[in-house]
Amino acid sequence: MANTPSIPKGTRDFSPVEMLRRKYIFGTIEKVFQKYGFLPLETPAMENLSTLTGKYGEEGDRLIFKVLNSGDAWKGVSEEVKEQLAKGEEVHPGKLAGELSDKALRYDLTVPFARYVVQHRNELAFPFKRYQIQPVWRADRPQKGRYREFYQCDADVIGSKSLLNEVELVELTAEVFAALDLQVVIKVNNRKVLSGIAEISGQPEKVVDMVTAIDKLDKIGRAKVEEEMRSKGITDEAITRIAPLFELKGTWAEQRPLLENWLADSAIAQEGLKNLSMVFKTAGDRFVPRDDVHGRATLEFDPTLARGLDYYTGAIFEVKANEGSLQSSICGGGRYDDLTGIFGLKDMSGVGISFGADRIYDVLLELGKFPEELGSSTRVLFANFGENEALHCLKLLRQVREAAIAAELYPDAVKMAKQFKYADDKGIPFVAIIGENEMKQGIVTVKDMKTGEQKAVKEGELLTQLGQG
RNA sequence: GUGGAUGUAGCUCAGUUGGUUAGAGCGCCGGAUUGUGGUUCCGGAGGUCGCCGGUUCAAGCCCGGUCUUCCACCCCA
């Protein structure tokens, strides 16, 4: 080929085999979502740029894919900016992008959901529980497990402050990964506790810097975390004051009294701790190891868990696989108290969880956890011996399909070796052979592709023959 | 966005200090086997060496640029 076509950086094609596996993941997640009372929702791939900007932090805004205005996009650029450019002056990239583009690809599913809720507030029954399984786009630099187009599977409850929602989401998460047969750790923390720690440090305005540094503790170690905090303008005194955080070890039950004592002067921290207590008390007993579905996941308190998205205000969750080599998170979420506030609807607290289907795929593939029977859909292939035989097969084909057995007839009367190879390649377990002889006698020769055994059965017995093995 | 690697047949990769016609395994196609795949044997097709430019008598190999993939940051699903 002169010029092999290609696809944009960080995007992928999905072959039939991959799609079957992906659909298995989506289907499993969707079934659990529905079981917990969530209803489906879809929103457009594009949102107004203004809907998305300012919701994900500075870093997030940079990663939003903007869509160039159609027509002559240049026309929309203001005289002021044009003059600046003509003079060779630097124009703030965000400003220029904003004038060339007023649409953008969605960065996640939560913000479009908040927009939807505000826009349709009068039509919705609250608390509103929706799930959404759609692709999102990020202009990130791709790596393993990181793509520019990937799917999120979200479940959110909006319009309820009850902590029972957090409990339900934790249980839902455990159930999804149990259904996928994957051992995971569900880590929980609360932004209020983190805010309280910042308060106690004496520099409450530095929460975000503090928290993003603390988040790296298990990765880069205490010394480097402190170094990063210093570089962000956090004083040595503040760092000393938050030192107890680095000493924390053990289970929630062990850490709780220490935290309550240490953060006694912070009302917000106390509230966060109370929330965590409720979640652990209510959901926690589901996670003692045992043989039923909840035995596959463990629930852990992680005081260093922060999560980057700006809009979280209460509980935060993150899930990591406990097996396989992928160390990044495969699922995350939390409570956001005022996401709809930005769109003009106050007092609408929500909490949600997002499953990263693409990363779950990579983990399941590495561990060989996809069910085997996903490989093939067709159960029987009718070999084609020529026009007469093929027409005869059509009748049987309909009967087989009526019995809800997936079947196909090879469309061309090519040599047998080729037809058998086709069945083999597609993983079709049976081949029905009806040549001149079989036709005359009203029988079908059925070959089991796995064992290689062949059996002649009456046409009427074909269904029962296919039902076995 | 910063730093670093990588790219040779459909796939995984060899290819010496720059030197004739660029190789292997797997896969694909054909045959041994005109009603039998997966095993075996024999044969065959398939490459403007990512792309553009430069150095040179001569470039897959050296230099510059660009794109892709990957790795570390940053951040995240």
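Chain naming here is simple, since letters A, B, ... match the order of the sequence lines and numbering starts at 1 in each.
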A.B. asks: What is the distance from CZ of A/Phe317 to P of B/C76, rounded to the nearest Å?
C.D. replies: 17 Å

A.B. asks: Could you write out each protein N or O paired with an N or O of nucleotides 35-39 of chain B at a distance under 3.5 Å?
C.D. replies:
from  : atom 1 : to       : atom 2 : distance (Å)
B/G35 : O6     : A/Glu438 : OE1    : 3.1
B/G35 : N1     : A/Glu438 : OE1    : 3.0
B/G35 : N1     : A/Glu438 : OE2    : 2.9
B/G35 : N2     : A/Glu438 : OE2    : 2.9
B/U36 : O2     : A/Lys447 : NZ     : 2.6
B/U36 : O2     : A/Gln454 : OE1    : 3.2
B/U36 : N3     : A/Gln454 : OE1    : 2.5
B/U36 : N3     : A/Gln454 : NE2    : 3.3
B/U36 : O4     : A/Gln454 : OE1    : 3.4
B/U36 : O4     : A/Gln454 : NE2    : 2.5
B/G37 : O2'    : A/Asp424 : OD2    : 3.3
B/G37 : N7     : A/Lys447 : NZ     : 3.2
B/G37 : O6     : A/Lys447 : NZ     : 3.4
B/G37 : N1     : A/Met449 : O      : 2.6
B/G37 : N2     : A/Asp424 : OD1    : 3.1
B/G37 : N2     : A/Met449 : O      : 2.6
B/G38 : O4'    : A/Asp424 : OD2    : 3.2
B/G38 : N2     : A/Lys450 : O      : 3.4

A.B. asks: In this structure, is the centre-to-centre distance between the rings of A/Phe355 and A/Tyr131 below 6.0 Å?
C.D. replies: no

A.B. asks: Apply ring-ring contact (aromatic ring centres under 6.0 Å, His included) to A/Tyr361 and list each qualifying residue two or more places apart in sequence or on a separate chain.
C.D. replies: A/Phe370

A.B. asks: For nucleotides 65-73 of chain B, which of its nitrogen or oxygen atoms have a protein nitrogen or oxygen under 3.5 Å away, and what is each distance?
C.D. replies:
from  : atom 1 : to       : atom 2 : distance (Å)
B/U68 : OP2    : A/Lys9   : NZ     : 3.3
B/U69 : OP1    : A/Gly10  : N      : 3.0
B/C71 : OP2    : A/Lys144 : N      : 2.5
B/A72 : OP2    : A/Gln143 : OE1    : 3.4

A.B. asks: How far does the P atom of B/C13 sit from the matching atom of B/G19, given to the nearest Å?
C.D. replies: 24 Å

A.B. asks: Starting from P on B/U34, measure out to NZ on A/Lys415 and report it in whole angstrom.
C.D. replies: 7 Å

A.B. asks: Among all residues two or more places apart in sequence or in another chain, which pass the ring-ring contact (aromatic ring centres under 6.0 Å, His included) test with A/Tyr147?
C.D. replies: none

A.B. asks: Using whole Å, what does the distance between atom P of nucleotide B/C74 and atom CG of A/Asp209 come to?
C.D. replies: 14 Å

A.B. asks: In whole Å, I'd like the distance from the OH atom of A/Tyr56 to the P atom of B/C74.
C.D. replies: 22 Å

A.B. asks: The criterion is side chain to side chain contact (heavy atoms under 4.5 Å, CB included); which residues satisfy it with A/Pro142, sequence neighbours excluded?
C.D. replies: A/Lys9, A/Arg148

A.B. asks: With A/Arg146, which residues qualify under side chain to side chain contact (heavy atoms under 4.5 Å, CB included), at least two apart?
C.D. replies: A/Asp140, A/Gln143, A/Arg359

A.B. asks: Give a yes or no on whether a salt bridge exists between A/Arg62 and A/Glu59, defined as a side-chain N under 4.0 angstrom from a carboxylate O.
C.D. replies: yes

A.B. asks: If we take the C1' atom in both B/G7 and B/G1, what is their distance in whole Å?
C.D. replies: 24 Å

A.B. asks: Does A/Ser329 or A/Ala139 map to a spot on RNA chain B nearer the 5' end, using the closest nucleotide for each?
C.D. replies: A/Ala139

A.B. asks: Roughly how far apart, to the nearest Å, are B/G53 and B/G60 at atom P?
C.D. replies: 15 Å

A.B. asks: Verify side chain to side chain contact (heavy atoms under 4.5 Å, CB included) between A/Lys418 and A/Lys421, making sure each step is shown before the conclusion.
C.D. replies: CA-CA 5 Å; A/Lys418 189 155 185 165; A/Lys421 189 165 161 31; 5.6 Å; no

A.B. asks: By ring-ring contact (aromatic ring centres under 6.0 Å, His included), which residues pair with A/Phe420, not counting sequence neighbours?
C.D. replies: none

A.B. asks: In whole Å, I'd like the distance from the CG atom of A/Leu63 to the C1' atom of B/U2.
C.D. replies: 14 Å

A.B. asks: Send over the distance from A/Phe355 CZ to B/A77 C1', rounded to a whole Å.
C.D. replies: 12 Å

A.B. asks: Test of understanding: with ring-ring contact (aromatic ring centres under 6.0 Å, His included), list the residues that count as partners of A/Phe65, not counting sequence neighbours.
C.D. replies: none

A.B. asks: Report yes or no: does A/Thr43 contribute a side-chain atom to a donor-acceptor pair with the main-chain N or O of A/Pro112 at less than 3.5 Å?
C.D. replies: no

A.B. asks: Determine whether the side chains of A/Thr11 and A/Glu149 contain a donor N or O and an acceptor N or O closer than 3.5 Å.
C.D. replies: no

A.B. asks: Quantified in whole Å, what is the P atom distance between nucleotide B/A5 and nucleotide B/G10?
C.D. replies: 28 Å

A.B. asks: How far, in whole Å, is B/G47 from B/A9 if one measures between their C1' atoms?
C.D. replies: 6 Å

A.B. asks: For A/Gln134 and A/Glu42: C-alpha separation, side-chain torsions, deciding distance, then whether side chain to side chain contact (heavy atoms under 4.5 Å, CB included) applies.
C.D. replies: CA-CA 7 Å; A/Gln134 286 190 277; A/Glu42 287 205 3; 3.5 Å; yes

A.B. asks: Base, sugar-phosphate or nothing for A/Ser354? Non-hydrogen atoms, less than 4.0 Å.
C.D. replies: nothing

A.B. asks: Apply side chain to side chain contact (heavy atoms under 4.5 Å, CB included) to A/Ile342 and list each qualifying residue two or more places apart in sequence or on a separate chain.
C.D. replies: A/Lys55, A/Leu339

A.B. asks: Taking only residues two or more places apart in sequence or in another chain, which ones pass side chain to side chain contact (heavy atoms under 4.5 Å, CB included) with A/Glu323?
C.D. replies: A/Leu182, A/Gln183, A/Arg296, A/Leu367, A/Lys369

A.B. asks: Quantified in whole Å, what is the P atom distance between nucleotide B/A45 and nucleotide B/G25?
C.D. replies: 15 Å

A.B. asks: Yes or no on side chain to side chain contact (heavy atoms under 4.5 Å, CB included) for A/Val77 and A/Leu100, after CA distance, side-chain angles and deciding distance?
C.D. replies: CA-CA 6 Å; A/Val77 177; A/Leu100 288 168; 3.5 Å; yes

A.B. asks: Base, sugar-phosphate or nothing for A/Cys153? Non-hydrogen atoms, less than 4.0 Å.
C.D. replies: nothing

A.B. asks: How far, in whole Å, is B/G46 from B/A24 if one measures between their C1' atoms?
C.D. replies: 15 Å

A.B. asks: Can you tabulate the close N/O pairs, meaning under 3.5 Å, that link protein atoms to atoms of nucleotides 5-12 of chain B?
C.D. replies:
none

A.B. asks: Please give the distance between the P atoms of B/C71 and B/G65 as a whole number of Å.
C.D. replies: 24 Å

A.B. asks: What stems show up for RNA chain B when you take Watson-Crick pairs (N1-N3 plus N6-O4 or O6-N4) and G-U wobbles (N1-O2, O6-N3), both under 3.5 Å, and require three or more consecutive pairs?
C.D. replies: B:1-5 with B:69-73, B:10-13 with B:23-26, B:28-32 with B:40-44, B:50-54 with B:62-66

A.B. asks: When the distance from CZ of A/Arg138 to P of B/G1 is rounded to whole Å, what number comes out?
C.D. replies: 17 Å

